Enquirer: 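Supplied in structure tokens, the structure appears directly below.
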Amino acid sequence: MSVGLQRLREEPEAIRKGALDKGEDPSLVDAALDADARRRALQGEGDVLRAERNAVSKSIGESIKGGARPDGTEVAEFRARSTVIGERLGAIDAELAEVEAQVEDLLLRIPNPAEPDIPVGGEESNVTIRTWGEQLPRTMPLHGEVGADAPSDGDTWDRRPHWDVAEHLGMIDLARGAKIAGSGFPVYKGAGSALQRALIMWFLDVHTRENGFTEIWPPIVVNQASARGTGQIPDKEDQMYVVTRDDLYLVPTAEVPVTNLHRDEILDADELPIRYAAYTPCFRREAGAAGKDTRGILRVHQFDKVEMVLFEKPEASAEALEWMTGVAEDLLRRLGLAYRVLLMATREMGFTQARKYDLEVWAPGVERWLEVSSCSNFKDFQSRRMAVRFRPEPGAKPELVHTLNGSGLALARIVAAILETYQRPDGSVDVPAPLRPYMGIDWIPGPA
RNA sequence: GGAGAGGUCGCCUAGUGGACUAUGGCGCCGCACUGGAAAUGCGGUUCGCGGCAACGCGUCGAGGGUUCGAAUCCCUCCCUCUCCGCCA
């Protein structure tokens with residue numbers, strides 16, 4: 001599972017380093033190898049005994065057929081032997097089951113090593129690959145257009161943070177969201193709701209009409225096997241909302257249901273690549289992030305996202321990651337939002353990723369870069385957990401596919417960036433060009 | 001939620017305790033026939049684990065049990081279909 005025993009045996013040092021670089025426990029590698037060695041020994045022992053018992057059982061059948069009496073001494077002797085073998089086998093099988101569970105558990109906790117060229121380290125080691133657009137300043141000169149209530153000293157005006165704009169325009173109601181569900185569950189209303197809807201529809205339309213994605217509208221709860229398949233369990237279990245009564249998890253991203261679409265399947269080579277785009281709400285407990293980004297909609301428990309999910313042949317996955325990242329970037333350019341692309345350092349990557357690019361947009365009101373997309377190649381890490389394989393040639397042995405996914409895009413922070421980038425001195429907001437047909441307006445006016 | 005019928009290899013299908021070492025067909029792969037193909041014939045074709053290999057073991061929705069031995073019998077669960085109830 002996960003990293004794969006074969007690779008673990010062949011290059012344990014690389015896997016240990018991979019764990020260390022991601023800040024995980026490298027000793028799991030040796031524990032897993034030890035447990036696996038024991039597993040193999042036990043299985044060998046058990047197999048021999050089983051072969052013996054099969055032979056004895058068969059002899060009983062043959063003896064009876066050959067005329068021996070079922071309750072005769074010959075048959076009784078066979079039975080006694082089989083019973084003895086069965087007892088030994090019972091003990092070995094019990095131990096084997098225990099060791100197997102141990103191996104599996106250990107393997108599930110070993111992270112996917114980052115690719116060799118990924119910078120080792122934390123946030124400070126991320127590499128900015130490229131940037132696009134103008135990084136607007138918060139304070140802007142006034143060009144004659146005097147905003148009615150713009151905070152201004154006469155010649156300049158300051159952009160408001162998105163929560164201020166949203167409140168002013170009646171687009172988001174955080175207080176009532178907190179009342180009906182809790183803090184971090186925003187209510188979008190009026191133009192705010194329409195903007196959400198416009199973004200979702202436009203994203204999906206671009207993916208399906210221009211980029212060859214198949215649209216998926218999946219369940220937003222998943223069972224345990226699915227959560228384990230993409231790697232949320234056991235690594236990120238405490239970040240998910242759990243419906244304990246029915247043993248279901250609220251999805252933290254469409255990645256989970258959509259990638260699991262092909263769990264336990266063998267695909268034909270000519271089906272690949274498979275490209276899915278799916279909109280879902282996303283639910284995250286954000287445990288351990290209390291007190292971080294508490295204002296506005298930068299960090300919330302429920303947000304909306306369109307996700308791209310790819311199934312690729314191994315040799316094509318590296319290029320597919322670049323392509324998919326480009327698709328997400330294209331959306332940002334067409335929205336006219338300044339952004340930068342980061343190659344994430346090892347400790348900034350997730351447990352499951354071999355390579356990850358983050359896209360961050362510039363939000364001039366809060367003067368921060370906001371992560372709006374994360375595009376990753378998992379290579380065969382998820383597909384091994386999920387047993388998603390393909391047959392390279394008709395009649396050939398199945399091989400693991402590579403899976404990738406990327407946001408295209410995450411809504412809440414895009415909305416924040418739009419409200420801050422497109423606001424006018426009077427607090428009203430222009431609608432980015434691609435969204436105008438969907439919203440039916442090109443400008444969100446202030447309150448009358 | 002209640003009652004019933006089912007879940008076997010990519011698909012369809014046979015199989016009610018020992019010859020199941022799981023049929024047969026479709027599809028697929030190889031070979032033969034052919035100028036080439038079609039048709040036909042012969043052979044192969046679940047997946048996983050262990051083993052250099054020969055081969056062994058497991059795998060009939062999942063997990064337990066009965067038995068010397070389980071696709072087959074028993075129990076629990078999951079899923080699909082039909083009817084009933086409820087319902088957006």
Side-chain angles (χ1 to χ4, degrees), chain A residues 1-10 32-104 106-107 217 219-229 243-249 257 260-272 274 311 380 383-401:
Chain A
M1 308 266 298
S2 300
V3 162
L5 275 165
Q6 201 183 337
R7 190 167 162 212
L8 213 60
R9 281 183 215 133
E10 282 166 5
L33 284 172
D34 288 349
D36 178 55
R38 230 159 82 77
R39 194 201 102 239
R40 278 187 287 170
L42 284 168
Q43 191 192 322
E45 258 181 85
D47 282 357
V48 169
L49 288 174
R50 245 183 295 275
E52 216 173 310
R53 187 180 67 180
N54 288 347
V56 173
S57 284
K58 186 178 270 186
S59 307
I60 294 177
E62 277 161 7
S63 293
I64 293 173
K65 203 152 301 171
R69 290 178 42 198
D71 53 356
T73 50
E74 186 189 342
V75 169
E77 213 169 285
F78 279 136
R79 279 189 192 180
R81 265 181 66 195
S82 184
T83 304
V84 170
I85 293 168
E87 275 161 13
R88 282 169 60 200
L89 200 52
I92 286 172
D93 278 347
E95 201 181 341
L96 182 61
E98 204 173 295
V99 173
E100 269 174 348
Q102 223 177 73
V103 172
E104 192 179 333
L106 287 164
L107 287 179
W217 198 284
I220 58 169
V221 293
V222 293
N223 57 28
Q224 258 190 43
S226 298
R228 187 175 305 109
V243 185
T244 49
R245 186 170 179 162
D246 297 294
D247 209 8
L248 294 169
Y249 298 82
N260 273 281
L261 240 28
H262 295 294
R263 174 152 50 84
D264 293 319
E265 289 185 16
I266 299 173
L267 305 164
D268 287 332
D270 56 15
E271 291 179 73
L272 299 174
I274 293 173
F311 296 83
D380 63 7
S383 56
R384 183 173 294 106
R385 288 173 166 236
M386 289 188 296
V388 183
R389 293 161 294 174
F390 76 105
R391 221 178 277 285
E393 303 287 331
K397 274 268 164 207
E399 266 178 50
L400 294 169
V401 304

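Quick caveat, the model's predicted, so the values are computed rather than measured. In what follows, chains are A, B, ... by sequence order, proteins preceding strands, each numbered from 1.
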Enquirer: Does this structure show an ion pair linking A:D34 with A:R38, if we count only N-O contacts that are shorter than 4.0 Å?
Expert: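 Salt bridge flag = no for A:R38 with A:D34.
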Enquirer: Hey, could you give me the CG/CZ distance between A:L89 and A:R50, rounded to the nearest 0.5 Å?
Expert: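 Between A:L89 CG and A:R50 CZ, I get 5.0 Å after rounding to 0.5 Å.
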Enquirer: Given side chains that start at C-beta, do those of A:L5 and A:R9 come closer than 4.5 Å, heavy atoms only?
Expert: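 Side chain of A:L5 against side chain of A:R9, heavy atoms only: contact under 4.5 Å found.
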Enquirer: Given that both distances must come in under 3.5 Å, which nucleotide forms a Watson-Crick or G-U wobble pair with B:C31?
Expert: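 WC or wobble partner is B:G41.
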Enquirer: Under 4.0 Å from a heavy atom of chain A: give me the 5'-most and 3'-most nucleotides of RNA chain B that qualify.
Expert: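 In short, chain A contacts RNA chain B from B:G18 to B:G69.
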Enquirer: With a 4.5 Å cut-off on side-chain heavy atoms, are A:R228 and A:R385 touching?
Expert: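 Yes, close enough: below the 4.5 Å cut-off.
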Enquirer: Quick check on RNA chain B: between A:R40 and A:K397, whose nearest nucleotide comes earlier from the 5' end?
Expert: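 Looking at RNA chain B, the more 5' nearest nucleotide goes with A:K397.
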Enquirer: Expressed as a whole number of Å, how far does the C1' atom of B:G56 sit from that of B:G7?
Expert: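 Straight-line distance between the two C1' atoms is 30 Å.
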Enquirer: Scan residues 42-58 of chain A against RNA chain B and write down, sorted by residue number, each residue with any heavy atom closer than 4.0 Å; if none is found, say none.
Expert: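 Under 4.0 Å from RNA chain B: A:Q43, A:D47, A:R50, A:A51, A:R53, A:N54, A:S57.
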Enquirer: Is a side-chain donor or acceptor of A:N223 paired with a backbone partner of A:S226 at a separation under 3.5 angstrom?
Expert: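 Yes, A:N223 side chain to A:S226 backbone: donor-acceptor pair under 3.5 Å.
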Enquirer: Using modelled atom types and a 3.5 Å cut-off, is there a donor and acceptor pairing between side-chain atoms of A:R389 and backbone atoms of A:I266?
Expert: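 Not at all, since once roles are kept as given, no pair shorter than 3.5 Å links the two residues.
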Enquirer: On a whole-Å scale, what distance lies between the P atoms belonging to B:A5 and B:C11?
Expert: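 So the two P atoms sit 25 Å from each other.
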Enquirer: Would you find a donor on one side and an acceptor on the other, under 3.5 Å apart, between the side chain of A:S82 and the backbone of A:V56?
Expert: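 Flag not set: sc A:S82 to bb A:V56 has no pair under 3.5 Å.
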Enquirer: Write down the distance separating the C1' atoms in B:A71 and B:U16, rounded off to the nearest Å.
Expert: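 Between the two C1' atoms, the distance is 10 Å.
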Enquirer: Does A:P219 have any side chain to side chain contact (heavy atoms under 4.5 Å, CB included) partners at least two apart in sequence or in another chain, and if so, which?
Expert: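 A:P219 satisfies side chain to side chain contact (heavy atoms under 4.5 Å, CB included) with no residue once adjacent residues are dropped.
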Enquirer: Taking the P atom of each, how far is B:C20 from B:C28, in whole Å?
Expert: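 Approximately 29 Å lies between the P atom of B:C20 and that of B:C28.
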Enquirer: Can you tell me, in whole Å, how much space there is between the P of B:U8 and that of B:G15?
Expert: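 Their P atoms lie roughly 14 Å apart.
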Enquirer: Determine the interatomic distance between C1' on B:G85 and the same-named atom on B:C26; round to the nearest Å.
Expert: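 Going atom to atom, C1' in each nucleotide, I get 42 Å.
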Enquirer: Counting only Watson-Crick pairs (N1-N3 plus N6-O4 or O6-N4) and G-U wobbles (N1-O2, O6-N3), all under 3.5 Å, who is the partner of B:C52?
Expert: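 Matched B:C52 with nothing under the 3.5 Å cut-off.
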Enquirer: Could you pick out which residue, A:R9 or A:R389, lies toward the 5' side of RNA chain B when each is mapped onto its nearest nucleotide?
Expert: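 By nearest-heavy-atom nucleotide position, the 5'-most residue is A:R389.
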Enquirer: When the P atoms of B:U80 and B:C87 are compared, how many Å lie between them, rounded to an integer?
Expert: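 Their P atoms lie roughly 23 Å apart.
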Enquirer: Sticking with atom C1', work out how far B:G50 lies from B:A37, rounded to a whole angstrom.
Expert: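 Straight-line distance between the two C1' atoms is 46 Å.
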Enquirer: Is a side-chain donor or acceptor of A:S57 paired with a backbone partner of A:N54 at a separation under 3.5 angstrom?
Expert: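 Not a single qualifying donor-acceptor pair exists.
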Enquirer: Taking a pair as Watson-Crick or G-U wobble with both distances under 3.5 Å, which nucleotide is matched to B:G85?
Expert: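 Paired with no nucleotide.
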Enquirer: Could you check whether A:R39 gets within reach of a base, just the sugar-phosphate, or nothing at all, counting any heavy atom under 4.0 Å?
Expert: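 Counting heavy atoms under 4.0 Å across all strands, the contact made by A:R39 is with sugar-phosphate only.
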Enquirer: Side-chain contact test, heavy atoms from C-beta onward, threshold under 4.5 Å: evaluate it for A:R39 versus A:L96 and give yes or no.
Expert: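 The answer is yes; the side chains approach within 4.5 Å.
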Enquirer: Who is the Watson-Crick or G-U wobble partner of B:G17, with both distances under 3.5 Å?
Expert: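 Partner of B:G17: none.
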Enquirer: What is the base-pairing partner of B:C26, counting Watson-Crick and G-U wobble geometry with both distances under 3.5 Å?
Expert: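 B:G10 is the nucleotide pairing with B:C26.
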Enquirer: Which base sits across from B:G58 as a Watson-Crick or G-U pair, both distances under 3.5 Å?
Expert: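 Checking every strand shown, B:G58 finds its partner in B:C47, with both distances under 3.5 Å.
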Enquirer: Determine which nucleotide pairs with B:C73, using a 3.5 Å limit on both distances of a Watson-Crick or G-U wobble pair.
Expert: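 Per the H-bond distance test, B:G65.
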